[in-house]
Enquirer: 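Let me begin by handing over the structure; questions about it come next.
Keep in mind that this is a model prediction, so the values were computed, not measured. No hydrogens, no waters, no symmetry mates; every other heavy atom, side chains included, goes into these values. FYI, the numbering just counts along the sequence from 1.
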Amino acid sequence: QTQRDWLLQQELVGAGQESIQEVFQPEQLQTATVQNRSENSNKMPDIEVNFPFVKSKRSVLKILEMVVASVAFVCFAASSFTGAFLAVPLMEIFITLAFYLLYLLKLDSKITQLFWPLMDSVNSAFAALFLLIICIAAVLLRTTAGIITGSVFGFLGVLLYAVDTYVIFSLIAFNQTKTTSG
């Protein structure tokens, strides 16, 4: 017997019934339990879409970062570069996509153990630094059309990630002064 059945039996005995079997047949008990389990399993977690974020400048900036990193990745891959020249842009595509989905689905307000804006700004700062290093190294190692194009988009990515770092740090600083003065 489950705890639920035992509680129901205690209620029925207290109400003058002899046992739970007199009120319900075993088949009915089993179907009721299955129905309750299926009703609970069909509930989806509350996922909200942050529509104002989709229209914001930060959203556009994140999308531009992913597009620029994708073009740099394709150009470096077409130039038969390997290693860090492919890993850094690809890694930043996925990390930026993760932050985009985090803000889009309002997961930053549900997962509160981490300070997401600070993590995002640190990621953007390191992305700008790593992209700058690989773009300079790529131009110094070989000069082909694919490498020049990949480096140009890489330098554009450095600019976008630096702007993203500045925007997020300014939002953090503005919110900090707002909360301490108010």
Side-chain angles (χ1 to χ4, degrees), residues 43-182:
K43 290 184 179 180
M44 294 293 293
D46 295 333
I47 295 179
E48 301 174 43
V49 176
N50 190 356
F51 288 110
F53 174 73
V54 174
K55 299 174 185 175
S56 70
K57 293 177 184 175
R58 286 182 56 216
S59 172
V60 172
L61 190 60
K62 294 279 181 210
I63 291 171
L64 285 175
E65 289 170 356
M66 287 187 285
V67 168
V68 167
S70 299
V71 172
F73 171 76
V74 168
C75 290
F76 286 142
S79 298
S80 67
F81 260 143
T82 59
F85 299 102
L86 296 179
V88 170
L90 187 63
M91 183 176 60
E92 287 310 320
I93 293 167
F94 289 125
I95 292 172
T96 305
L97 178 64
F99 277 111
Y100 185 81
L101 291 175
L102 180 90
Y103 295 134
L104 178 69
L105 300 176
K106 293 185 177 181
L107 296 176
D108 57 330
S109 62
K110 292 181 175 107
I111 306 171
T112 58
Q113 290 84 6
L114 300 171
F115 188 52
W116 292 107
L118 182 63
M119 289 186 63
D120 191 7
S121 62
V122 169
N123 170 63
S124 295
F126 277 109
L129 177 68
F130 290 150
L131 276 175
L132 181 66
I133 291 170
I134 68 160
C135 289
I136 290 173
V139 170
L140 292 177
L141 290 176
R142 284 193 261 168
T143 308
T144 63
I147 292 171
I148 298 295
T149 307
S151 294
V152 166
F153 278 96
F155 287 127
L156 185 60
V158 168
L159 179 69
L160 289 172
Y161 281 111
V163 168
D164 194 18
T165 303
Y166 173 76
V167 167
I168 295 172
F169 268 133
S170 65
L171 287 174
I172 292 171
F174 176 72
N175 284 338
Q176 185 67 26
T177 58
K178 183 178 171 184
T179 56
T180 56
S181 65

Enquirer: What heavy-atom pair brings Ile172 and Ser121 nearest, and what distance separates the two atoms?
Expert: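 Here Ile172 and Ser121 meet closest at CD1-OG, 4.4 Å.
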Enquirer: What side-chain donor-acceptor pairs closer than 3.5 Å can you find for residues 83-96, not counting sequence neighbours?
Expert:
{"residue": "Thr96", "atom": "OG1", "partner": "Glu92", "partner atom": "O", "Å": "2.7"}
{"residue": "Thr96", "atom": "OG1", "partner": "Tyr161", "partner atom": "OH", "Å": "3.0"}

Enquirer: Which residues pass the side chain to side chain contact (heavy atoms under 4.5 Å, CB included) test with Leu140, sequence neighbours left out?
Expert: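 Partners of Leu140 under the side chain to side chain contact (heavy atoms under 4.5 Å, CB included) test: Ile136.
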Enquirer: Decide side chain to side chain contact (heavy atoms under 4.5 Å, CB included) for Ile133 and Leu129; before the verdict, give the C-alpha distance in whole Å, the side-chain angles of both, and the deciding distance to 0.1 Å.
Expert: CA-CA 6 Å; Ile133 291 170; Leu129 177 68; 4.1 Å; yes
Enquirer: Where is the tightest heavy-atom contact between Ala125 and Thr165, given as atom of each residue plus distance?
Expert: N-OG1, 3.1 Å
Enquirer: Can you tell if the side chain of Val163 reaches within under 4.5 Å of the side chain of Val167, non-hydrogen atoms only?
Expert: yes
Enquirer: Compare every heavy atom of Trp116 with every heavy atom of Tyr103, then report the nearest pair and how far apart it is.
Expert: OH-O, 3.6 Å
Enquirer: Which side-chain hydrogen bond (donor to acceptor under 3.5 Å, both in side chains) pairs, counting each pair once, include a residue from residues 125-143, with sequence neighbours left out?
Expert: none
Enquirer: Can you name the side chain to side chain contact (heavy atoms under 4.5 Å, CB included) partners of Val122, sequence neighbours left out?
Expert: Leu118, Phe126
Enquirer: Got a second to check how far Phe115's CZ is from Asp120's CG, nearest 0.5 Å?
Expert: 11.0 Å
Enquirer: Just list the side-chain donor-acceptor pairs under 3.5 Å for residues 104-111, sequence neighbours left out, or say none.
Expert:
{"residue": "Lys106", "atom": "NZ", "partner": "Glu48", "partner atom": "OE1", "Å": "3.3"}
{"residue": "Ser109", "atom": "OG", "partner": "Lys106", "partner atom": "O", "Å": "2.9"}
{"residue": "Lys110", "atom": "NZ", "partner": "Asp46", "partner atom": "O", "Å": "2.9"}

Enquirer: To the nearest 0.5 angstrom, please state how far the CZ atom of Phe153 sits from the CG atom of Leu131.
Expert: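 Output value for this atom pair is 13.0 Å.
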Enquirer: Any chance you could measure Lys62, atom NZ, to Leu160, atom CG, to the nearest 0.5 Å?
Expert: 10.5 Å
Enquirer: Find the distance between CZ (Phe155) and SG (Cys135) and round it off to the nearest 0.5 Å.
Expert: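 If I round to the nearest 0.5 Å, the distance is 5.0 Å.
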Enquirer: Roughly how far, to the nearest 0.5 Å, is OG of Ser59 from CG of Asn50?
Expert: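 Asn50 CG to Ser59 OG: 9.5 Å, rounded to 0.5 Å.
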Enquirer: Looking only at atom types and distance, does a side-chain atom of Ser151 sit under 3.5 Å from a main-chain N or O of Ile148, one as donor and one as acceptor?
Expert: no
Enquirer: For residues 69-81, please give each side-chain donor-acceptor pair under 3.5 Å, one per line with the distance, not counting sequence neighbours.
Expert:
{"residue": "Ser70", "atom": "OG", "partner": "Met66", "partner atom": "O", "Å": "2.7"}
{"residue": "Ser79", "atom": "OG", "partner": "Cys75", "partner atom": "O", "Å": "3.0"}
{"residue": "Ser79", "atom": "OG", "partner": "Ile147", "partner atom": "N", "Å": "3.3"}

Enquirer: Does Met119 form a side chain to side chain contact (heavy atoms under 4.5 Å, CB included) with Phe99? I'd like the steps, not just the answer.
Expert: CA-CA 9 Å; Met119 289 186 63; Phe99 277 111; 4.2 Å; yes
